[in-house]
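Values below: every heavy atom of this structure, side chains too, minus hydrogens, waters and symmetry copies. Proteins get letters first, then strands, A, B, ... in listed order; numbering begins at 1 in each. Keep in mind it's a predicted model, so treat the numbers as computed, not measured.
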Amino acid sequence: MNSQVQSRLLKWAAFFLFLQSMILTLAPAVRERSWDVDYRLSHWIGFLVWALFTYLTHRSLVKFLPDHDPYIFPAAALLSGWGLLTIWRLDESFGARQTVWLAISMTALMLAVRYLKELTFLKNYKYIFLTGGLLITALTLVFGSNPLGVGPRLWLGLGGVYFQPSEPLKILLVIYLAAYLSDRVNIRLSSIPLLIPTLVVTGLALLLLLVQRDLGTASIFIFIFTIFLFIATGKRRILIATGAFLLAALLIGYFLVDIIHVRVVGWLNPWDDPTGNSYQIIQSLLAVANGATLGRGLGIGSPLLVPVAISDFIFSAIAEETGLIGTLGLISLIWLILARGLITALRAPGNFRRYLAAGVVTYLGVQSLLIIGGNLRLLPLTGVTLPFVSYGGSSLLTSFFALYLLLSISNTEEEEPAPLQSLRPYTILAGIFALGFAACAVTGAWWALFRSNDLLTRTDNARRAIADRFVPRGEILDNSNLPINITAGESGDFIREYLYPDLAPITGYTHPVYGQAGLEASLDNYLRGLQGNPSSLILWNQLIYGTPPSGLDVRLSIDMELQRIADGLLGDHSGAIILMNAETGEILVMASHPTYDPNKLDEEGDLLSQDEDSPLLNRATQGLYPIGNVIQPLIQAQFGEELPSESSLLISYEEFGFFRSPQITMPVASSPLTNDLADMRVSPLQVCLAAAALSNQGVMPAPRIAIAVNTLEQGWVVLPALDEPREVIQAQAAEEAARTFVQEGKAYWSHAGRGTISKTTVTWLVAGTPPDWRGAPLALVVALEENNVPLAERIGDKLFTAILEQ
Amino acid sequence: MSGTVVLALRFLTALALYGFLGWVLVFLYREIQRQGSILVNRRIPGISLMVRAPGGKGTMRYFNQAEITIGRDPGCDIPLADDTASARHAHLTYHHNQWWLEDLNSTNGTRLNTLKITTPTVITSGDEIQCGGSDLSVSLSENVVIEPTQRLGKRDQHKPNE
């Protein structure tokens, strides 16, 4: 009967791992959305080794321990196989090593089952085991090293193989305490024979670990010790006393021990320091959020973004790729092992074996709770491994030794359970674990379902940048569909190419490190396919790829031919040019100099943001310049020849929209409402909109730069202006003023002026088409960060000449 | 396309994982049933004892409980009016399909068929037990003993065979 149960469960475990391996094999095809990829195959070695050794271990368990508990081994085998495949997925070389460790651990289990049927030897040599364990741990103080080169030196290394003595030390402590306490019946709390040795031993272990700065193992020691005392005495006040002690230790540690301080702060306020001490935990939560319900599928998520994903954060790696469904299953499996372990403890025929089983359950349960809770920000982070699942030879061997103890103790059908003094410690222990894991499940669901969106849109979520490498981003085109910014390369290596770098301050960039700027940022939702696509398509892509669908192309109103001329005319001078269709508000030319080359962000990105010339700034919409007398033509249209009073001037400025940001899908700036007109600053875009009123019968148009988006279903769809046109001057007055400013021999009206505030001088030119113009009415603004009226006038002249020749 | 195939596989893995857990529930349910039927079928065979205090007339007592205490204390299942017996002198327990006699550290000891016992000892019909000056003669009922530890591998053996 037992062997049938175990065999049936193992078949399901094998089925599960087989499917996971299949998904991992196909993962590259899904990521790159093509069948022509390099499929992942190496992890099948891990799967086959797992299957072979699990089968052999199953056979030997059935043969040598015929009455063992049939649930514990399948659950442990499934967990270790799951961990193994996840490690293969994260890092193939670590996967290969873990495969070797799994084979060693299962072989050790088979040998132990065959040759060590009696556990009494553990009881007899308890002091030898414990001193040995403590000595080896003490050795790490002197010879300790860390396989990664940095971090706590908890390992002993020999010829490339690393061993962490604090792992087996936990189980040795369990054995020692079980042996010691089972020898003494009717233990009273105050009895000296009880307290002295246990306190000395536990204190020694703690000292060793606090010096080693291994917070996780230290807290596990305290929990194991407490629960042992509780089980042996049945006194609930031990739990309360330990709770109070831990709280006090946490408070003292918070102020005195830096590692505890860092962990507690990182736990309470992770959002304050997302790139420093809280980096790990936030990346872990992002992974959980990205997993959502079903998970991305093994090999399709990005769990490698979380540091030490193979050991400390393997739970969040599993959460990302199997989702809430997977984590609930994982928690149930751990809970199954613990519950069967407690039943084993209750059925044990003697106190030593009973305490041993309960101690092993405590060790497995506390360690799982600490790391799962830590990954989910339910508890402060403690760097311990997840038993059976995490990478690590010492951890896996220790887990399998614990497994051997449980299986061996459970093999007692012939003997009757020893009398039990009180059931309460066991029910309370089971209750603590049940509550703990239920809390983990609820917290996992909270991050994966309810906070998922908030987390994934954080700027430190590198998954967006990764998705950009696999999903083509929409192109940015000019008004005759000539490409400006395009996506180049193959899926998996998509990069953004900027064909006309001079436009960089306007169109901006999108970059995995430096983020986004300009139109690439403001139009991101269209370019990324999150807007303009049917929501069913977005959902479907999210479900199968975890990415948005292909991005949509956006057409700008920019006229590349005129833009090139304008950029040529501005040359090395700092300043901005805007040429606008005065009727529709479409921006035909927008130049901002100095400019930069976004194709070279990788090399120059850091320098650019510190450049004193601010090449990243779009001077045309964000540069605020002293207004000076630039809008003289408008004032003349409004007030005639006489000089207006300051207050009426202020009202006009407000009407021209100088105190509010123009409504357009790009970053803009405006000066705050001020009464000090001598200190008044405006952006070239604001001036251009006001100037357009003169060429457009007194009506200020609403500015537009992104004019259409190419959707899948309806083709090009017009993007409407964000604002309404407004009449600011009477049509008659506008026409008259425009005529007044047409200069001798010119086909357009124009006015050059200067603005100066303290040492800043700007040369302005406003110009526009006269009322009798036969094409679309135009408005032009040139702003130069120098005193150079001739240049401004030359730019205006050349541009209008070019327009006339078009 | 590959995405759709893998999506189906992802649903299947969820199914496999919860298939495992589902079978665990089924097996646990069956275990409860099996455990219950074992306990229901577990009967303690009765034991009859002819108790003779020194100088007294013999009385026949019948028990079918798992533990029977013998001693001078009136609270014992078999109280002995005998000054040479201790307050809690000995007890009879039923486990592992046997009745066991165990001396409870009595002053004058317990004898089984005149031999003094120091460890729990199996008794059978016709045995004579001496506690102090009192005699008890054992006769076990001829009830069918149902093995509590028998393997119930096959389905048809689940039913109580009374």
Within a 6.0 Å radius of atom [atom1] on [X], are there more than 12 heavy atoms belonging to other residues, nucleotides or ligands?
| X | atom1 | value |
| --- | --- | --- |
| A:F18 | CZ | no |
| B:R88 | CZ | no |
| A:F64 | CZ | yes |
| B:N113 | CG | yes |

Best-contacting candidate, A:L26, A:L78, A:L294, A:L10, against chain B by heavy atom pairs under 4.5 angstrom: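 Heavy-atom pair counts peak at A:L294.
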Winner by heavy-atom pair count (cut-off under 4.5 Å) against chain B, out of A:Y71, A:F15, A:W82: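 Counting heavy-atom pairs under 4.5 Å, the top option is A:Y71.
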With a 4.5 angstrom heavy-atom cut-off, which part of [X] approaches chain B: side chain, backbone, both or neither?
| X | result |
| --- | --- |
| A:L17 | neither |
| A:P70 | neither |
| A:R296 | both |

Between CD1 of A:I300 and OG of B:S2, what distance do you get to the nearest 0.5 Å?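 If we round to the nearest 0.5 Å, A:I300:CD1 and B:S2:OG are 8.0 Å apart.
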How about residues 4-24 of chain B versus chain A: which residues have heavy atoms under 4.5 Å apart?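 The residues closer than 4.5 Å to chain A, in numerical order, are B:T4, B:V5, B:V6, B:L7, B:L9, B:R10, B:F11, B:L12, B:T13, B:A14, B:L15, B:A16, B:L17, B:Y18, B:G19, B:F20, B:L21, B:W23, B:V24.
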Using a 4.5 Å cut-off on heavy atoms from C-beta on, say whether the side chain of B:E31 contacts that of A:N2.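 Not touching, per the 4.5 Å side-chain cut-off.
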State, with a plain yes or no, whether a side-chain heavy atom of A:R8 is found less than 4.5 Å away from one of B:F27.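 In contact.
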